[in-house]
Amino acid sequence: MKFPIGIQNFESLRNDNYAYVDKTAQIYKLAVTGRYYFLSRPRRFGKSLLISTLEAYFSGKKDLFAGLAIEKMESLWTEYPILHLDLNSRLYENKESLQAELNKHLEIWERRYGDEFKDRALEERFYQVIIKAYEQTGQRVVILVDEYDKPMLQSIGNEMLQDEYRNILKAFYSVLKTLDRYIRFAFLTGVTKFGKVSVFSDLNNLNDISMDRRYIDICGITEKEIHTYFENSLHELTDATGSDYDTVCDKLRQLYDGYHFTSNSIGIYNPFSLLNTFNKSEFGDYWFETGTPSFLVHLLKQSDYNLNNLQEELVSSDLLNSINSMSQNPIPVIYQSGYLTIKEYDETFKTYRLGFPNMEVENGFIKYLTPFYTPIKENETQFFIVNFVRDIEQGRPDAFMERMQTMFDDTSYQIAGRMEIYFQNSMYLIFKMLGFYTEVERTTSRGRIDIVMKTRNYIYVIEIKLDGTPDEALQQIETRGYAAPFVSDGRKVYKIGVNFSSATRGVEEWKIAE
């Protein structure tokens, strides 16, 4: 089997006999039941391939769809004029770069349909191209926009540039609303959904299908589709890893499944990681290795966000569905970027509980954030964690605490934001990293962190105080009975009281009791 990794062109994929998970029944439903659509999905989730498939369908290329669901559903195979705008392949450094990209596409279309309006404003040229394409072909126009929001995402944190991009794109996209009689179909994709005062404020006729249950799996791969299209690949992966079939299926589910784009929906697998795993017959963090946008860290740090809330973030549907570039809440863009997903929905209060979709995202995101929030440098993360874990597994709590103290002392780390948030975020990330290799339980509340770490032979109950004393921390362990559940466990229990100092920005003192 040939896996279409990095292949985003439907015609190329079909002609070269790559595997294709058939989404054409949903594409046909879109085409015959509506006209203007918007879809938000994370990067590398198949949005570009979906756009390309729509382009092939509206081009009337029937032969490409042989054997697919749509072949029996469509009878006319009409060829429509298509305007395909792809904003994905450029670095947008200023408004001139965005104008140049729009101009590039306009020139291509104008060579085909006439350029007598080439000296007008960008949005007016777009307006005229649509009309002329209709007049010359006798068919209404299909407009496909891939990654509409790329300029906006690249300029997060630069409000002046955001305003310039917003004004350009708002005027450009608003043409779609004014030329309804000339447009057969319009489909826009992106990672994010910018808010009502932003890019789409004049384009209120878009049907947002991002959370529409009927199209929830139009991008991505379901478990049923894995067994339908990749059953042989599952067995090959089983053989290559020396595992058994059920274990391989479980591991795929833990690593790559878990995306929910509406409440009570089936889980969606990350297609990029899944296909790479089948192709290489090896599990890996393939989606995360392709890069994490730096704007996510900017948003988190700008808002002084408590990272512990990533586990149990509660948001309203209004907040989840819109991004206001002026907002101090980073959660909507983190959700829409694929780093959080819907876990539960509370019908009474109309709120969603968000969390990490799977182990690949959780592990990758924590490792990515660690150098930005702790004294651990990017190239030293694994070194620190390996030594921490060895101390824990070998029952050396003093060595563990000395290493923790040295980590903070030896690093000239510039802290931004409130000390309480820095303290909580640093401890959360460090112990979250340790939790990938040991069993770590945490509960947090207003500047204190209770931690229980478990290994084969040892249990550590840790209480960390901010500007307190180790004795106070140990006393809290005793009076609240934190260690009581482990009295008859059989493993050796260490109780550790720690003081974190806001003055020195590090571990000041600790005491250990057995």
Hey, mind stepping through Lys350 and Asp318 against salt bridge (Lys or Arg N to Asp or Glu O under 4.0 Å) and telling me if it holds? CA-CA 9 Å; Lys350 309 296 182 187; Asp318 287 343; over 6 Å; no

More than 12 heavy atoms of other groups within 6.0 Å of Lys72 NZ: no

Phe383 atom CZ, neighbour heavy-atom count above 12 within 6.0 Å: no

Is there a donor in the side chain of Ser273 and an acceptor in the side chain of Glu360, or the other way round, less than 3.5 Å apart? yes

How about Lys465 and Gln476: does a side-chain donor come under 3.5 Å of a side-chain acceptor?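 There is such a pair between these side chains.
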
Near-ring test [Y]/[X], centroid separation under 6.0 angstrom:
X	Y	value
Tyr20	Phe10	yes
Tyr286	Phe272	no
Tyr259	Phe45	yes
Tyr148	Phe38	yes

Among Trp287, Phe356, Tyr368, which one satisfies ring-ring contact (aromatic ring centres under 6.0 Å, His included) with Tyr339? Trp287

Can a cation-pi geometry be assigned to Arg184 and Tyr80, taking NZ or CZ under 6.0 Å from the six-membered ring centre and within 45° of the ring axis? yes

For Thr192 and Asp149, what are the C-alpha separation, side-chain angles and deciding distance, and is it a side chain to side chain donor-acceptor pair (under 3.5 Å)? CA-CA 7 Å; Thr192 56; Asp149 56 344; 2.6 Å; yes

Could you walk me through whether Val141 and Ile82 pass the side-chain contact (heavy atoms from CB on, under 4.5 Å) test, one step at a time? CA-CA 6 Å; Val141 179; Ile82 296 173; over 6 Å; no

Between the main-chain N or O of Ile376 and the side-chain N or O of Thr374, is there a donor-acceptor pair closer than 3.5 Å?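 Between the backbone of Ile376 and the side chain of Thr374 there is a qualifying donor-acceptor contact (under 3.5 Å).
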
Yes or no on side-chain contact (heavy atoms from CB on, under 4.5 Å) for Ile7 and Tyr18, after CA distance, side-chain angles and deciding distance? CA-CA 9 Å; Ile7 298 175; Tyr18 282 91; 3.3 Å; yes

